[in-house]
Amino acid sequence: MSAGTEIPLVERVSELRDAVEAARAQGGSVGLVPTMGYLHEGHQSLVTRSAAENDLTVVSIFVNPLQFAEGEDYGTYPRDLERDRKMCAAAGAGLVFAPSADDMYPQTPITSVTVKGLNAVLEGRVRPTHFDGVATVVAKLFAMLGPGRAYFGEKDYQQLAIIRRMTADLSLPVEVVGCPTFRESDGLAMSSRNVYLTAEERPAATVLWRSLQTGRDAVVQGSRSPDEVEAVMAAVLAAEPKASPDYAAVVDAATLDRPDVLDGELRLLVAARVGRARLIDNLGVDCARL
Ligand code: AMP
């Protein structure tokens, strides 16, 4: 372990367990915040929550090759470990775990965690191998650390649903905590990939949030037709010349199934490319509370 001025950094999987065991031996609870780094206030909100609820908060920073397909941005994903360490320390983390890909995957894994069905809809249609990579690395992180709680953002809503289901199906002794999406003042969900947006593209990126709000307004005003709600969301996306939409969908918040008639807790989800950035966002609507 190398102790920087800000926060201890563990880079070797073999050293992680000892570092975490030391905290646990003193009766401490351990919270995990898995990230790919290039942190922002959204990530920090997860760290703050974990630090408030656990004695030791570990932030993992790992750009996971398994969840990127050929042609995606694995090689160019933004990285700044020193800045990330400062942000982790400022938010109350006790340890940063930043392994190399070789250390994480000493041999090409032939074991994979597949959360069937949930991995194939929405993002899974566009990125068919993505969620198996996510579930596999999160299962590995759970096994390496043995956290009592792990914190995930609603920003990646499908990912959160998949991790919850994997944890339940495999009886993993981890409480999965979902945390609300942090946004810029104009509504754009914070994302490490926002750095790809040029100054001209940046205003256009709010189209995802505008689309979600339009969809929610339609439900609030009484629409119970998924086709109708998706159509108004898609129209907002289509009206932005700098955006190439992937999908605009309304699903059941728990199952991610598309209902015939809108009812109960819903989730509206959108994805679009703006310039080099592929952006996703989502918003909840509870019909029972309208
Ligand atoms: P990432 O580094 O993008 O893999 O994200 C790491 C964790 O931070 C995931 O659980 C994300 O859902 C969460 N996260 C990313 N952006 C936000 C945001 N704007 N608000 C809240 N959580 C976020």
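When a residue number appears, it is its place in the shown sequence, counting from 1. Counting starts at 1 for both ligands and their atoms, in listed order.
- Taking distance alone, with nitrogen or oxygen atoms compared against 3.5 Å, M190 approaches ligand 1 more closely than that limit.
- Y74 carries R79 over the face of its six-membered ring, with the cationic atom under 6.0 Å from the centre and within 45° of the normal.
- Interface atoms of ligand 1 facing G153, defined by a heavy-atom separation under 4.0 Å, are 9 (C), 10 (O), 11 (C), 12 (O), 13 (C), 22 (N).
- When only non-hydrogen protein atoms are considered, atom 11 (C) of ligand 1 lies nearest to D156 OD2, 3.0 Å.
- Using a 4.0 Å cut-off to heavy atoms of P180, the atoms of ligand 1 that qualify are 20 (N), 21 (C).
- Note on V137: it clusters hydrophobically with L118, by side-chain heavy-atom contacts below 4.5 Å among ILVMFWY residues.
- With a 4.0 Å cut-off on non-hydrogen atoms, M36 touches ligand 1 through its backbone as well as its side chain.
- If you check the side chains of N54 and Y151, you find a donor sitting under 3.5 Å from an acceptor.
- The part of H40 lying near ligand 1 is the side chain, judged by heavy-atom distances below 4.0 Å.
- Of all the heavy atoms of P34, the ones lying under 4.0 Å from any atom of ligand 1 belong exclusively to the backbone.
- For ligand 1, one of its N or O atoms has an N or O atom of H43 under 3.5 Å away.
- Residue-level proximity to ligand 1 for L160 is absent, since no heavy atom of it falls below 4.0 angstrom.
- Between the side chains of S223 and E228, at least one donor-acceptor pair of N or O atoms lies under 3.5 Å.
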